[in-house]
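Note that ligands are numbered from 1 as they come in the structure, with each ligand's atoms numbered from 1 the same way.
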Amino acid sequence: MNEILKHFAIWNEVAEPQPLRIGFINDSYVVPAKRVGETSYCLQRINHNIFKDVEGLMRNIEIVTSHIREKLLIGREENIERKVLHLIPTKEGKLFYKSPEGNYWRLYVLVEPATSQEKVTPKAAELTGEAFGRFQCQLADLPFNALCESIPNFHNMEFRLQQLDEAIKDVQGDDVQGTKEVRRKRLEACKDIVEWIDKRRQMMCLAEILFREGKLRKHINHCDTKVNNVLFDEAGRPICIVDLDTVMPGFVFSDFGDFMRTAANTGAEDDPNLDNIHVDLEIFEAYTKGYLKEATFLTPLEKELLPYGCRLLSYMQTVRFFTDYLNGDTYYKIAYPEHNLVRTKAQLRLVEEQEKAEEQMRSIIARL
Ligand code: GN1
Ligand code: MG
């Protein structure tokens, strides 16, 4: 790994990289400074099976981080190094290094001291709502097509359903090599899930339809606003939004919904006990309050669709986990064989809970 580090334009001596177990997609390492008080780094191997256009992805991150840094400078903010990610280029001035084995590496300045969390308190949720509202606001003056889709159709519900249909077709198709047995059994045992998904198809593709009709616009979105993609300082205040691989054009309410999917859920994303899963309305209210304060650019329709965004993202995640389960677990890192099914069921239950809570969510938004 020191071989890799040699290619980056770092300015101080560092110690051996340590693996950081976060995220389902990339591999991350902390590269600690040798001397106290000097800069440490975060080294990441980009999963190029998932991110096929690494150039485009890194260009996106560079555009977004410089745009935000400029806004912070204009606003005369302090501690800018901790408030926006800082990419370290290679010695040749590139945004990433491609090793002879064909791996793609990038290096950030490590934001510290900072922690990430899987759950938040209502107070932290309100501040995080402000942080994501500000993030979208800071990017609102970039034309939505200034960035590429680092994963084409990433949050496109029609496309995600199409991928599910293809997975099902593949499982049911000829098994010339005799390798489909496990996946067939999986599909056979999950007919009720397929039916459940089918029943909601039309409703959940509404955003794409409205976009085609010209009634809904796209913004630069984060597209992975999970709780654990925000870094908090020692006092529990959000300081920096991380995991920018998926910044791209999208619907604003889907960023809102993805945060609620992970934070306003009394259970875990992969909770094996479905009775744990309910909408946490206190977190919902706190986050919404912070978000609406900062997201001043929302149209009435976008505001109206905020509760829909919650359901949409949980439904999308149900479909994505389930598709991966039927494909034989090729996309998400799993901790045990049935993990993707457990995740599917937990997200499915969350959608049902969000359907029940829809009216309450609406009245909270109206009140705020
Ligand atoms: C993945 O890498 P991570 O864990 O932050 C995924 C998101 C999903 C999420 C589900 C590029 O995010 O889209 O919502 O898992 N990222 C990608 O927890 O697919
Ligand atoms: Mg992440």
Side-chain angles (χ1 to χ4, degrees), residues 19-29 42 44-54 56-58 60-61 64 85 104 106 108 116-120 128 132 135 147-157 159-161 163-164 167 204 221-231 240-251 253-265 267-271 277 309-325 327 329-335 339-351 354:
L20 194 66
R21 275 170 238 298
I22 48 160
F24 301 160
I25 310 287
N26 299 318
D27 298 319
S28 306
Y29 303 82
C42 176
Q44 289 187 310
R45 181 169 59 192
I46 305 165
N47 184 332
H48 65 273
N49 289 322
I50 289 179
F51 298 107
K52 310 250 188 255
D53 176 14
V54 177
L57 163 123
M58 292 307 293
N60 280 357
I61 297 182
V64 164
L85 286 177
Y104 293 84
R106 71 168 165 231
Y108 285 116
S116 70
Q117 297 169 202
E118 293 300 328
K119 285 277 166 245
V120 280
T128 310
F132 275 122
F135 181 84
L147 303 195
C148 70
E149 293 193 346
S150 53
I151 299 181
N153 292 312
F154 188 54
H155 274 187
N156 180 333
M157 198 57 244
F159 173 72
R160 293 301 180 185
L161 286 164
Q163 284 186 312
L164 171 63
M204 291 303 177
N221 260 17
H222 181 279
C223 287
D224 192 11
T225 50
K226 299 205 289 194
V227 177
N228 64 12
N229 283 330
V230 181
L231 297 181
C240 188
I241 290 171
V242 297
D243 198 349
L244 303 178
D245 291 327
T246 51
V247 283
M248 65 173 97
F251 305 117
F253 49 79
S254 81
D255 269 6
F256 179 86
D258 215 7
F259 181 84
M260 296 304 190
R261 180 180 76 76
T262 51
N265 175 0
E269 182 184 63
D270 58 351
D271 214 310
I277 299 169
C310 297
R311 274 191 286 140
L312 175 62
L313 267 286
S314 311
Y315 177 80
M316 191 181 297
Q317 206 55 63
T318 311
V319 172
R320 291 179 64 193
F321 283 145
F322 186 52
T323 303
D324 197 33
Y325 182 64
N327 281 336
D329 311 309
T330 56
Y331 189 91
Y332 292 107
K333 291 181 192 167
I334 53 168
H339 201 168
N340 272 321
L341 180 62
V342 171
R343 286 167 169 157
T344 302
K345 289 182 177 167
Q347 294 295 295
L348 182 157
R349 172 60 69 89
L350 181 60
V351 174
Q354 288 171 329

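If you look at Asp243 next to ligand 1, the close heavy atoms, those under 4.0 Å, all belong to the side chain. Here Asn229 has side-chain heavy atoms under 4.0 Å from ligand 1, and that is the only part of it that gets that close.
Side chains of Gln347 and Arg320: a donor-acceptor N/O pair is absent below 3.5 angstrom, by distance only.
Contact atoms of ligand 1 toward Tyr331: 11 (C), 17 (C), 19 (O) (distance under 4.0 Å to a heavy atom of the residue). Numbered from 1 in the order shown, with element, the atoms of ligand 1 that lie under 4.0 Å from a heavy atom of Glu269 read 10 (C), 18 (O). Listed by number with element, the atoms of ligand 1 under 4.0 Å from a non-hydrogen atom of Phe51 are 11 (C).
For Lys226, a nitrogen or oxygen atom sits less than 3.5 Å from a nitrogen or oxygen atom of ligand 1, counting backbone and side chain alike. Considering backbone and side-chain atoms together, Cys223 places no N or O closer than 3.5 Å to any N or O of ligand 1. For ligand 1, the polar-atom distance check against His155 finds no nitrogen or oxygen pair separated by under 3.5 Å.
Stacking of Arg343 on the aromatic ring of Phe24 is recorded, both the 6.0 Å distance cut-off and the 45° axial limit being met.
For Thr262, the side chain to side chain contact (heavy atoms under 4.5 Å, CB included) partners two or more places apart in sequence, or in a different chain, are Lys226, Val227, Glu269.
Taking every heavy atom of both residues into account, Asp27 and Arg45 meet most closely at OD2-NH2, 2.6 Å.
Note: Phe132 and Phe135 have perpendicular aromatic rings, judged against thresholds of 30 and 60 degrees for the angle between ring planes.
Heavy atoms of Arg261 come nearer than 4.0 angstrom to ligand 1 in at least one pair.
The residue from Thr246, Asp245, Asp224 that alone fulfils the side chain to side chain donor-acceptor pair (under 3.5 Å) condition with Asn229 is Asp224. For the ring pair (Phe, Tyr, Trp, His ring centres under 6.0 Å) with Tyr332, the lone residue among Tyr325, Phe321, Phe322 that qualifies is Phe321.
For the residues Asn228, Asp224, Ile151, the heavy atom positioned nearest atom 5 (O) of ligand 1 is part of Asp224.
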